[in-house]
2 protein chains.
Amino acid sequence: MKSTEDKLNHVMVEFYEKLSSWEQAVVKDKGYSLPLVHTVEILGGNGPMRMKELAEKIGVTTGTLTVQIDKMVKLELVTRKPHESDRRSILVELTSQGHELYEEHDALHLQLTGELTAKFSDEERAQFLSFLQRVNAEF
Amino acid sequence: MKSTEDKLNHVMVEFYEKLSSWEQAVVKDKGYSLPLVHTVEILGGNGPMRMKELAEKIGVTTGTLTVQIDKMVKLELVTRKPHESDRRSILVELTSQGHELYEEHDALHLQLTGELTAKFSDEERAQFLSFLQRVNAEF
DNA sequence: GTAATATACTTTGATAGTCAAAGTATATTA
DNA sequence: TAATATACTTTGACTATCAAAGTATATTAC
């Protein structure tokens, strides 16, 4: 007999896998690459960010990120701007076009969220939200 | 003011991003590639699977998967076996070494799950489990 | 029952993503 | 002020990926 912890672990992994498949399918459909959309998603959700921090969140080296950001600058999705207090650092920021792409992608996520929790009551949705907030806070 | 749906959407994305970073860090640490561990994770969680189905879950073409599986066969992590009723198909299956890797990786996930829900009561954990099960069922 | 079409997988050649290591510039510490 | 650390970029080699073409088996239409 499996413990609740065990089951919880597996449904979390399953949720992650399914979201990952979904993301991949959506992104491919739009003609953008996964790393590009991933970058937009993080910048859109968190605001301008240093290269170092962004690289960590994405899970690549700063070298890899430099070339990714170069491409995105050419596509006018992001800009580099100097860090106000540390001249070694650079802030990467979405352009208005980048924001547009973020909003567009976020709308798809919102639709998915709606579908996934369609059968939840308002109270259940609020509880689920609270659980996820607590989990995210521990990460 | 943001709606609960909006917040729920964003905490779900945040959870996904964080798990994704975590996975990347863990995998890199172990010296395996992300696609390799991802494949082991899916086979371990779901049992033997056709190439087509596996490719869809991972989010790559079958061409890409063929070369990935070739490598994993060489590493003795998986084997190919014929599909019993469709001779075009092939089942990919974890070897005992593959299972070992799966268990090892799963243990790390379990530990993470424990940490993330350390402050949950037993009842809350059960509720959270139930919510995630319902969400996964809608995917 | 056979021909046409569809499906599952593999192979191949080109492209994109990745890292490690070395290079440049700025910050911090001794 | 010198030594060391940090943030980013560049480079070269390697890995992952796809699209398209190839092979074998299934299914459908006639």
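Order of the sequence lines sets the chain letters (A, B, ...), proteins ahead of strands, with each chain counted from 1. In this text, all values refer to a predicted model and were calculated from it rather than measured experimentally.
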Residue pairs fulfilling side chain to side chain donor-acceptor pair (under 3.5 Å) with at least one residue in residues 38-50 of chain A, sequence neighbours excluded: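 Those involving residues 38-50 of chain A are A:His38-B:Glu17, A:Glu41-A:His105, A:Glu41-A:His109.
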Sequence neighbours excluded, which residues qualify as side chain to side chain contact (heavy atoms under 4.5 Å, CB included) partners of A:Thr95?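 Expected list: A:Thr79, A:Gln97.
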Side chain to side chain contact (heavy atoms under 4.5 Å, CB included) with B:Ser96: which residues, sequence neighbours excluded?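 So B:Ser96 forms no side chain to side chain contact (heavy atoms under 4.5 Å, CB included) with any residue.
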Selection [range] - residue pairs positive for salt bridge (charged side-chain N to carboxylate O under 4.0 Å, His left out), sequence neighbours left out:
range                       : value
residues 85-94 of chain B   : B:Lys81-B:Glu93, B:Asp86-B:Arg88
residues 123-139 of chain B : A:Glu5-B:Arg125, A:Lys119-B:Glu138, A:Glu124-B:Arg134, A:Arg134-B:Glu124, B:Asp122-B:Arg125
residues 57-77 of chain B   : B:Asp70-B:Arg80

Would you kindly give the [atom1]-to-[atom2] distance between [X] and [N], to the nearest whole Å?
X       : N      : atom1 : atom2 : answer
B:Lys71 : D:dC14 : NZ    : P     : 14 Å
A:His83 : C:dT26 : NE2   : C1'   : 13 Å
B:Leu34 : D:dT17 : CG    : C1'   : 14 Å
B:Leu54 : D:dT17 : CG    : P     : 12 Å
A:Asp29 : D:dC18 : CG    : P     : 14 Å

Which letter, B, S or -, goes with each nucleotide of nucleotides 5-12 of chain D from 5' to 3', with contact meaning a protein heavy atom under 4.0 Å? -BSSBB--
Distance-only donor-acceptor hits, side chain of residues 24-32 of chain B, under 3.5 Å, sequence neighbours excluded:
residue, atom, partner, partner atom, Å
B:Lys28, NZ, A:Gly59, O, 3.2

Using a cut-off of less than 4.0 Å, is there contact between a side-chain N or O of B:Thr61 and OP1 or OP2 of D:dC18?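 Looking at the OP1 and OP2 atoms of D:dC18, one of them is under 4.0 Å from a side-chain N or O of B:Thr61.
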When you check the phosphate oxygens OP1 and OP2 of C:dA25, does a side-chain N or O of A:Arg87 lie under 4.0 Å from one of them?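 For A:Arg87, the contact criterion (side-chain N or O under 4.0 Å from OP1 or OP2 of C:dA25) is not met.
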How many angstroms lie between CE in A:Met51 and CG in A:Leu91, if you round to the nearest 0.5 Å?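 Rounded to the nearest 0.5 Å, the CE-CG separation comes to 11.0 Å.
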How would you list, by chain and number, every residue that makes a side-chain hydrogen bond (donor to acceptor under 3.5 Å, both in side chains) with B:Ser89, sequence neighbours excluded?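 With sequence neighbours excluded, B:Ser89 shows a side-chain hydrogen bond (donor to acceptor under 3.5 Å, both in side chains) to no residue whatsoever.
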Consecutive-pair stems (at least three Watson-Crick or G-U pairs, under 3.5 Å) that include DNA chain C: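 Runs of three or more consecutive pairs: C:1-30 with D:1-30.
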Strand contacts (DNA chain C) in residues 16-24 of chain A, 4.0 angstrom heavy-atom criterion: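 Those residues whose heavy atoms fall under 4.0 Å from DNA chain C, taken from residues 16-24 of chain A, amount to none.
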Which pairs pass ring-ring contact (aromatic ring centres under 6.0 Å, His included) with one or both residues in residues 64-104 of chain A, sequence neighbours excluded?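 Non-adjacent pairs meeting ring-ring contact (aromatic ring centres under 6.0 Å, His included): zero.
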Please step through side chain to side chain contact (heavy atoms under 4.5 Å, CB included) for the pair B:Glu100 and B:Leu94, ending with a clear verdict. CA-CA 9 Å; B:Glu100 233 172 84; B:Leu94 288 179; over 6 Å; no
